[in-house]
*Asks:* 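Structure incoming, see below.
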Amino acid sequence: MEAFQLLSRGGARFDKKRFQKDVSLFSKKPAKSGPVEKLLDGELPGELDYFKYAAGGSGKRKADSEGTAKALKKRKVEEEEEDQDMEEEEEADDTPSRPRQRVVTKGSNIPSHADTFHELVERYQLSSLLLSNLTTYGYTQPTGIQSYGIPILLQSRDLAAISPTGTGKTLSYLLPIMSSLGAPSSSANSDAGSGVRAIVIAPTRELAHQIHNECLKLAQGRKWRIVLFSKATAGTLADKATRDKVDIIISTPLRLVASLRSGGVELNNVRHLILDEADRMLDSEFFPQVEEILAACSHPNLQKAVFSATLPAGAEKMAMQMLKDPIRVVVGLKDTPLPLISQSLTYVADDPSKLPSLLTYLAQPYNPPVLIFTSSQPRATSLAQELVLNGVSNVDCLHAGMTKKEREDAVSRMRKGESWVMVSTEVMARGMDFKGIREVINYDFPTSVQSYVHRIGRTGRAGREGKAVTYFTDDDAPFLKAIANVLLQSGSTVPEWILKLPKPSKLKRRQMGKVKRAEIVNPARKVGRSDAIKKRDMVAGSKRRVVRETNTNIMAE
DNA sequence: AAAAAAC
């Protein structure tokens with residue numbers, strides 16, 4: 001472990017030079033690439049190109065344009081069938097600099113959207129200080145979710161907001177909260193009551209921390225007390241007088257519940273409750289905690305809002321039951337990544353073949369920083385170690401099994417651009433906004449469509465381009481098709497044979513789901529490309545039956 | 001459908 005840390009720090013200088021050279025190489029001929037890169041970019045080697053074995057196939061990977069069109073058409077029909085009395089659809093965001101995003105709103109008496117932040121000054125008395133803070137931090141024009149969501153929240157309505165990753169959801173709820181807070185709780189403010197008035201809940205510490213930072217930026221120049229809840233901060237709020245001066249709390253659910261139980265915080269004055277990453281907060285692990293928080297927010301004028309890029313039907317139902325006369329805003333297509341992210345699927349046969357493939361990939365010019373997702377903490381640790389031992393420089397690791405300090409350090413290195421390769425678990429999948437991330441690699445296959453969408457959403461943020469590569473093995477076959485449909489829907493290409501895979505039975509899924517993955521081991525420590533990709537029967541059991549799917553499962557939930 | 005994350 002020590003050796004690992006030493007190695008991951010050392011060698012940086014040498015490799016920085018190499019990296020700079022690589023970048024210039026890369027920018028000279030961006031599209032042209034050697035056979036290896038092509039292979040790793042989602043293309044199957046000739047002998048493994050199952051596309052050509054598929055009925056009616058014509059050789060190489062190509063866009064299944066017919067499938068895409070069909071998928072989109074089906075999707076459109078589904079949306080239209082939701083025909084409810086108050087539904088509106090319009091093209092938002094007419095600025096030529098940004099792609100148009102379709103916005104669908106549903107609910108009663110929907111406030112009209114705001115095309116500029118300045119509009120909010122007249123309509124909702126947004127303070128000039130908040131407006132100037134927006135300008136200071138480069139928020140010039142509201143995104144789709146901001147222009148629709150902010151007026152809704154400013155009119156004290158409950159909101160379910162679904163907008164793709166990296167489209168500015170955080171600001172959409174922070175700005176209205178701050179606008180309605182008015183004077184700080186500590187001052188003589190007759191409306192304020194006593195005690196915390198707004199709460200934001202997020203599923204990981206890192207995300208809560210990031211939201212807190214955003215909040216502080218926006219609040220500059222005002223004396224609001226904005227507290228990021230942790231063991232330490234909870235301690236300082238021991239006496240009620242101090243507690244009553246707090247305006248906003250940002251916390252993970254369990255931390256807040258713990259304080260609630262110990263009497264360290266009271267939520268009876270909370271006017272705004274935000275669930276970020278709502279589908280995650282409503283899943284079976286978190287929901288009991290959220291319920292407890294909800295029950296403690298006893299103020300009659302409690303406004304509730306949920307935000308996410310994904311909201312499966314079950315979670316949406318729960319959310320709608322929780323909200324009062326809610327307005328639902330969907331930007332783009334639900335559960336779909338941004339089209340700016342170019343996605344590909346890479347076949348790697350089996351688990352032992354992954355590491356050689358990744359090493360080959362990282363030995364070539366690539367765009368750092370790269371974020372790599374694994375399925376478990378031990379696998380994240382051992383992959384990071386393997387990478388370091390194989391000479392990859394500036395490797396970092398981040399998972400929830402690490403200490404708070406280790407996690408904080410890893411994030412800060414990431415923010416400073418010091419880590420080029422970050423190996424992580426699902427903890428990094430949601431909400432984290434590292435602006436520089438150019439590439440996401442799903443080393444282990446994501447276990448749900450939602451996980452996939454959030455993971456790859458770490459790149460391509462705020463209008464930037466991004467790239468996402470997903471490794472899959474024979475064991476991942478049961479879940480391959482659902483993910484392939486996501487690629488299709490967001491405009492990426494998928495080999496046709498994958499689309500022709502039958503939907504696996506529940507039993508099969510369960511059996512294959514039980515396949516345990518060991519830690520990453522590389523006995524030889526030097527493996528050539530021929531070993532990296534083994535010739536193998538693809539997706540045993542499913543290629544035999546190529547069934548024409550009548551029910552194209554677009555939204556696998 | 002399943003691991004990770006939350007204290």
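Residue numbering restarts at 1 for every chain, and letters A, B, ... go by the order of the sequence lines.
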*Asks:* Could you give the CE-to-P distance, from A:Met428 to B:dA6, as a whole number of Å?
*Replies:*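 In whole Å, B:dA6 P lies 9 Å from A:Met428 CE.
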
*Asks:* Taking only residues two or more places apart in sequence, or in another chain, which ones meet A:Arg407 in a salt bridge (charged side-chain N to carboxylate O under 4.0 Å, His left out)?
*Replies:*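 With neighbours one apart ignored, the set is A:Glu206.
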
*Asks:* Under 4.0 angstrom, heavy atoms only, what part of the nucleic acid is A:Arg280 near: base, sugar-phosphate, or nothing?
*Replies:*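 Result for A:Arg280 = base.
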
*Asks:* Atom OH of A:Tyr452 to atom P of B:dA3: distance rounded to whole Å?
*Replies:*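 Answer to the nearest Å: 22 Å.
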
*Asks:* Walk me through whether A:Thr242 and A:Asp239 qualify under side chain to side chain donor-acceptor pair (under 3.5 Å).
*Replies:* CA-CA 6 Å; A:Thr242 317; A:Asp239 80 294; 2.3 Å; yes

*Asks:* Using a 4.0 Å cut-off on heavy atoms, which residues in residues 249-267 of chain A reach DNA chain B? List them by number, or say none.
*Replies:*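 Per residue number, the list reads A:Thr252, A:Leu254, A:Arg255.
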
*Asks:* Examine B:dA4: is either OP1 or OP2 under 4.0 Å from a nitrogen or oxygen in the side chain of A:Arg407? Give yes or no.
*Replies:*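 For A:Arg407, the contact criterion (side-chain N or O under 4.0 Å from OP1 or OP2 of B:dA4) is not met.
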
*Asks:* Given 3.5 Å as the limit, does a donor-acceptor pair link the side chain of A:Ser492 with the main chain of A:Gln343, or not?
*Replies:*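 Checking the backbone N and O of A:Gln343 against the side chain of A:Ser492, a donor-acceptor pair under 3.5 Å is found.
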
*Asks:* Looking across every strand, which nucleic acid part, if any, lies under 4.0 Å from A:Arg430 by heavy atom: base, sugar-phosphate, or nothing?
*Replies:*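 Touches nothing.
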
*Asks:* With respect to the side chain of A:His399, which nucleotide from B:dC7, B:dA2, B:dA5 is positioned closest?
*Replies:*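 For the A:His399 side chain, the nearest candidate turns out to be B:dA5.
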
*Asks:* How long is the line joining CD of A:Glu277 and P of B:dA4, in whole Å?
*Replies:*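 A:Glu277 atom CD is separated from B:dA4 atom P by 19 Å.
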
*Asks:* Can you see if the side chain of A:Ser451 gets near the phosphate of B:dA3 - specifically, an N or O under 4.0 Å from OP1 or OP2?
*Replies:*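 False: A:Ser451 side-chain N/O out of range (4.0 Å or more) of B:dA3 OP1/OP2.
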
*Asks:* Return the nearest nucleotide to the side chain of A:Ser448; candidates are B:dA1, B:dA4, B:dC7.
*Replies:*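 Output: B:dA1.
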
*Asks:* Expressed as a whole number of angstroms, how long is the span from A:Glu292:CD to B:dA6:C1'?
*Replies:*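 Going from CD in A:Glu292 over to C1' in B:dA6 covers 13 Å.
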
*Asks:* Taking only Lys NZ, Arg NE, NH1 and NH2, and the carboxylate oxygens of Asp or Glu, determine whether A:Asp433 and A:Lys169 approach each other closer than 4.0 Å.
*Replies:*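 Looking at A:Asp433 and A:Lys169, the cut-off is not met.
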
*Asks:* Side-chain donor or acceptor of A:Glu285 under 3.5 Å from a matching atom on the base of B:dA4?
*Replies:*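 Yes, the side chain and the base share a sub-3.5 Å donor-acceptor pair.
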
*Asks:* Using the benzene-type ring in the case of Trp, are the ring centres of A:Phe472 and A:Tyr347 under 6.0 Å apart?
*Replies:*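 Ring-ring flag for A:Phe472/A:Tyr347: true, centres closer than 6.0 Å.
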
*Asks:* Starting from P on B:dA4, measure out to CD on A:Gln289 and report it in whole angstrom.
*Replies:*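 Computing the A:Gln289:CD to B:dA4:P distance gives 17 Å.
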
*Asks:* For the pair made of CE in A:Met432 and C1' in B:dA5, what is the distance, rounded to whole Å?
*Replies:*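 Taking atom C1' of B:dA5 as the reference, CE of A:Met432 is at 14 Å.
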
*Asks:* Can you sort out the partners of A:Arg458 under salt bridge (charged side-chain N to carboxylate O under 4.0 Å, His left out), two or more places apart, ordered by chain and number?
*Replies:*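 Here no residue qualifies.
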
*Asks:* Rounding to an integer number of Å, can you tell me how far A:Asp283 CG sits from B:dA2 C1'?
*Replies:*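 Taking atom C1' of B:dA2 as the reference, CG of A:Asp283 is at 11 Å.
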
*Asks:* Could you give the CZ-to-P distance, from A:Phe286 to B:dA2, as a whole number of Å?
*Replies:*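 The distance from CZ of A:Phe286 to P of B:dA2 comes to 19 Å, rounded to the nearest Å.
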
*Asks:* I'd like to know whether the aromatic ring centres of A:Phe307 and A:Tyr173 sit less than 6.0 Å apart in this structure.
*Replies:*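 For A:Phe307 and A:Tyr173, the ring centres are under 6.0 Å apart.
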
